[in-house]
Visitor: 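Pasting a structure below so you can have a look.
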Amino acid sequence: MLVPSTVEEAVTLQSTLAAAVVRTPPPGFAPRTAAGLDVAYAVGSELVAAAVVTVDIATGEVLESATEVGTAAFPYVPGLFAFRELPALLTALGRLRTTPDLLVADGHGLAHPRRFGLACHLGVATGLPTIGVAKTPMADYPPPADTRGATSPLRDGDDEVGAALRTRPGVKPVFVSVGHRIDLATACAQVLALARRYRLPETTRQADHLSRQVLKDSRGELR
DNA sequence: GCGACAG
DNA sequence: ATCTTGTCGC
């Protein structure tokens, strides 16, 4: 049941799969490559374009990329949007020739109502260490200090579900949470390493650009 | 009951 | 997410 047919099924599935999330990195975890994933949509259409871009964490150099153009598998429902993007993202991931050491998803991981956002789903589905990096929080957060690297806790009730991470002074922070096989501190350190020049990690930026480009190209061909 | 709600 | 121009600033 990769794609549920109802909202109720989707919610139940998330709650079940949440138990499979591992909040600790593999022993001696020292990733050299990271892949960013993103999906672009066409207005008024169900057309989606998924992109995965692998970069060298130390240099930011793009090593490989893969894409998939398809149809949205599920309507957009806050808290369930993983079901919309997952099929296309997994297809694109399967086209990479080399498996990345780390995945960086465009959305939340544990910072989710049922502790199972897109990043967790992607991680559990692939078995790869995965980080969730979102541009918008689902809850309130105290603003982190205005210094690169500063963090503040993202809380959902009494649970600390992630962190607001300042990647650039004077700019809104990004919202980092554990996806799978990683801990929050390691996740923040990796995101900081990937976001040297811009607010968002290089992986996310590259995947965003590529997915938009592919969508643009495909809608031209399908006319 | 009402509003909020990743992309 | 997407629709959209210019503008301020490093």
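Chain naming here is simple, since letters A, B, ... match the order of the sequence lines and numbering starts at 1 in each.
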Visitor: Each residue besides A/Val43 in its hydrophobic cluster should be listed here, by chain and number; the cluster joins Ile, Leu, Val, Met, Phe, Trp and Tyr at side-chain heavy-atom distances under 4.5 Å.
Guide: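 When side chains under 4.5 Å apart are linked, A/Val43 ends up in no cluster with other residues.
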Visitor: Between C/dC10 atom C1' and A/Tyr198 atom OH, what is the distance in whole Å?
Guide: 12 Å
Visitor: Without swapping roles, check the side chain of A/Arg148 against the backbone of A/Pro169 for a donor-acceptor pair under 3.5 Å.
Guide: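 No, the answer is negative, given that no donor and acceptor are paired below the 3.5 Å cut-off.
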Visitor: Side chain of A/Asp38, heavy atoms from C-beta onward: which of B/dA6, C/dT2, B/dG7 has the nearest atom to it?
Guide: B/dG7
Visitor: Counting just side-chain N and O atoms, does A/Arg197 come under 4.0 Å of either OP1 or OP2 of C/dC10?
Guide: no
Visitor: Would you call the rings of A/Phe74 and A/Phe83 parallel, tilted or perpendicular, where under 30° means parallel and over 60° means perpendicular?
Guide: tilted
Visitor: It should be established whether A/Thr136 places a side-chain nitrogen or oxygen under 4.0 Å from OP1 or OP2 of nucleotide B/dG7.
Guide: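 For B/dG7, OP1/OP2 do have a side-chain N/O of A/Thr136 under 4.0 Å.
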Visitor: Choose from B/dG7, C/dA1, B/dC5 the nucleotide whose nearest atom is closest to any side-chain atom of A/Met138.
Guide: B/dC5
Visitor: What is the distance from CZ of A/Arg84 to P of C/dA1, rounded to the nearest Å?
Guide: 12 Å
Visitor: Expressed in angstrom and rounded to an integer, what is the separation of A/His112 atom NE2 from B/dA4 atom C1'?
Guide: 14 Å
Visitor: Please report, rounded to the nearest Å, how far the C1' atom of B/dA6 is from the CZ atom of A/Phe74.
Guide: 15 Å
Visitor: Any side-chain N or O of A/Lys135 below 4.0 angstrom from OP1/OP2 of B/dA6?
Guide: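 A/Lys135 to B/dA6 OP1/OP2: no side-chain N or O under 4.0 Å.
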Visitor: Mind checking A/Tyr41 for me? I need base, sugar-phosphate or nothing, with any heavy atom below 4.0 Å counting as a touch.
Guide: sugar-phosphate
Visitor: Describe the nucleic acid contact of A/Ala40 in one word from base, sugar-phosphate, nothing, applying a heavy-atom distance below 4.0 Å.
Guide: sugar-phosphate
Visitor: Output the rounded distance in Å from CG (A/Leu200) to C1' (B/dA6).
Guide: 13 Å
Visitor: Looking at every strand, decide which applies to A/Arg168 at a 4.0 Å heavy-atom threshold: base, sugar-phosphate, or nothing.
Guide: nothing
Visitor: Quick one: A/Arg148 CZ to C/dC10 C1', roughly how many Å, whole number?
Guide: 16 Å
Visitor: Are any of A/Tyr76's side-chain N or O atoms less than 4.0 Å away from OP1 or OP2 of B/dA6?
Guide: yes
Visitor: Quick one: A/Leu122 CG to B/dA6 P, roughly how many Å, whole number?
Guide: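 That distance rounds to 19 Å.
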Visitor: Where does the angle between the aromatic ring planes of A/His121 and A/Phe116 fall among parallel (under 30°), tilted (30 to 60°) and perpendicular (over 60°)?
Guide: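 A/His121 and A/Phe116: tilted rings.
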Visitor: Rounded to whole Å, please give me the gap between OH in A/Tyr141 and P in B/dA6.
Guide: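 For the pair A/Tyr141 OH and B/dA6 P, the rounded distance is 13 Å.
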Visitor: Classify A/Leu80 by what it touches in the nucleic acid, base, sugar-phosphate, or nothing, heavy-atom distance under 4.0 Å.
Guide: base
Visitor: Are A/Asp106 and A/Lys135 close enough for a salt bridge, meaning some N to O gap below 4.0 Å?
Guide: yes
Visitor: When you compare the ring of A/Phe81 with the six-membered ring of B/dA6's base, are the centres less than 5.5 Å apart and the planes under 30° from each other?
Guide: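 It does not: the two rings, one from A/Phe81 and one from B/dA6, miss the stacking criterion.
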